[in-house]
Number of protein chains: 2
Amino acid sequence: MAAHTIGEVARRVGIGVETVRFYEREGLVASPPRSASGYRLFPDDAVDRLRFVRRAKELGFTLDEIRSLLDLRVRPGAACDDVREIAVARLADVEARIADLRRIAEVLGRLVTACDADRDTADCPILDAIAPEVRDA
Amino acid sequence: MAAHTIGEVARRVGIGVETVRFYEREGLVASPPRSASGYRLFPDDAVDRLRFVRRAKELGFTLDEIRSLLDLRVRPGAACDDVREIAVARLADVEARIADLRRIAEVLGRLVTACDADRDTADCPILDAIAPEVRDA
DNA sequence: CTTGACCCCGTACCTGGGTACAGGGATTAG
DNA sequence: CTAATCCCTGTACCCAGGTACGGGGTCAAG
C-alpha cells in the first residue's frame, strides 16, 4: 500500500492537482494523512475512488449524486435499491433532455431547409420564423 | 404607439422586470426614452424584440448569438447567409449534445437493467460497473 | 394624506465545477 | 549549492444568465 503525492494521484486519474484538492474539500475523497512536512499521502484506494468519481461524472451524475453513490458503496445490504433509484432518476433526466434537444433540432433543421429553399428572396425565413410578428424592423 | 413601463413589458413578454433591465444592459433591447421622473418608456417594438430574444433562447441560442441575429435582422440583403450559418452551427451543436446524451442513456439503461436482473445478490452491478476495476461499461 | 404598488440605481450574489494566483516551504537532480 | 519542480494554504475568479437586496423616489386609489 504505497502512498502517493497529490501530483501522482492527479496524473494517474487524469485530472489536475487543483481538482484533487477541490474533490477533497467537497468530501468526494477522504483527507489523507500528511507527511512531516505537510504533504498529502494518498493511499491506493484514493485513486480508485477518484476514478469512480470521474466515471460517474461522465455518466452525467452531479457531484452531489456521486457523493451519495460513494456513501452507498461502503454501506452494506439494501443499498442497491437506493443506487438504482439514483440511476433511474438520472436516466429519466437524460431522456428528458434528449427529447428537448430533439425538438429544438427539428425546428432548427426546418429553418435551415427553408433558408435553402428560399435563397433568392429578400426575407430571411429563419428570422421570420423566430419573429413572425416583426416583418421589417 | 403606446409607451409601456418596464413592468408592463415584462408581463407581456413573460419575464421578470430585472431580466428586462439585464437585457437592456446586455444590449439585447435598446435603452428606451425616459419619463420626466426617470421611468423607462418602452415602445411597442421593444416587446416584439424581447419576444424574439425569448424564442431564440428556447432554440438554444446564446445571448451572444441572439445579439448577432438581432443585428442581422436590421441589416439588409445578404444577411440571410450569416443567419443560416449561425443556425447551422447551433444545429450541429445540438445534435452533438444529443449523441452524447444518447450514449449516456444507453449505459444508464444497461446498468438499471443489470440491477433488475441481479436483485438478490449482494453486489450492486451499478456500482461495480462504475468502479474502476470493471472499466468496460 | 397616506398606503401600497410600482419604479430607479448600483452592487452583490447564485449555480456547478472547477481554475488561477500569490506567497510561501520541501524535495530532488545535477 | 542551486535551480527546477514539486507541494502547501487561502482567496479570488471564471462561465452564463440571471436574481436579490438595499435604499431610495413616484404614482394612483381611497
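- When atom types are taken as modelled, the side chain of R67(B) and the backbone of E26(B) share a donor-acceptor pair closer than 3.5 angstrom.
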Letter per nucleotide, 5' to 3', of nucleotides 9-20 of chain D [B base touched, S only sugar-phosphate touched, - untouched; heavy atoms, 4.0 Å]: B-------BBSB

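- Using a 4.5 Å cut-off on side-chain heavy atoms (C-beta onward), F42(B) and L50(B) make no contact.
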Counting only pairs under 3.5 Å, give me each side-chain donor-acceptor contact of residues 91-110 of chain A, with atom names and distances, residues two or more places apart or in other chains.
from, atom 1, to, atom 2, distance (Å)
D93(A), OD2, R90(A), NH1, 3.2

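- What separates CG of L41(B) from C1' of dT26(D) is a distance of 13 Å, to the nearest Å.
- With hydrogens and angles ignored, the 3.5 Å screen pairs no side-chain donor or acceptor of R40(A) with any backbone N or O of S31(A).
- Separating the NE2 atom of H4(B) from the C1' atom of dC27(D) is a distance of 19 Å, rounded to the nearest angstrom.
- One interatomic measurement links the two molecules: CD1 of I6(B) to P of dC27(D), which rounds to 16 Å at whole-angstrom precision.
- A pairwise comparison of heavy atoms in S68(A) and I86(A) identifies CB-CD1, 3.8 Å as the closest pair.
- Nucleic acid contact for T5(B): sugar-phosphate only, since backbone atoms but no base atoms lie under 4.0 Å from a heavy atom of the residue.
- Between E58(B) and R55(B) no salt bridge is recorded (no basic side-chain N to carboxylate O distance below 4.0 Å).
- The side-chain heavy atoms of E24(A) and P32(A), taken from C-beta on, include a pair separated by under 4.5 Å.
- Annotation: side chain of F22(A) is in contact with side chain of L63(A) (closest heavy-atom distance under 4.5 Å).
- One interatomic measurement links the two molecules: CD of E24(A) to C1' of dC8(D), which rounds to 12 Å at whole-angstrom precision.
- Axis orientation changes by 10° from one end of the helix from dC1(C)-dG30(D) to dG30(C)-dC1(D) to the other, with each end axis drawn from 5 pairs and the value rounded to 10°.
- Between dT27(C) and S37(A), a contact under 4.0 Å exists linking OP1 or OP2 to a side-chain N or O.
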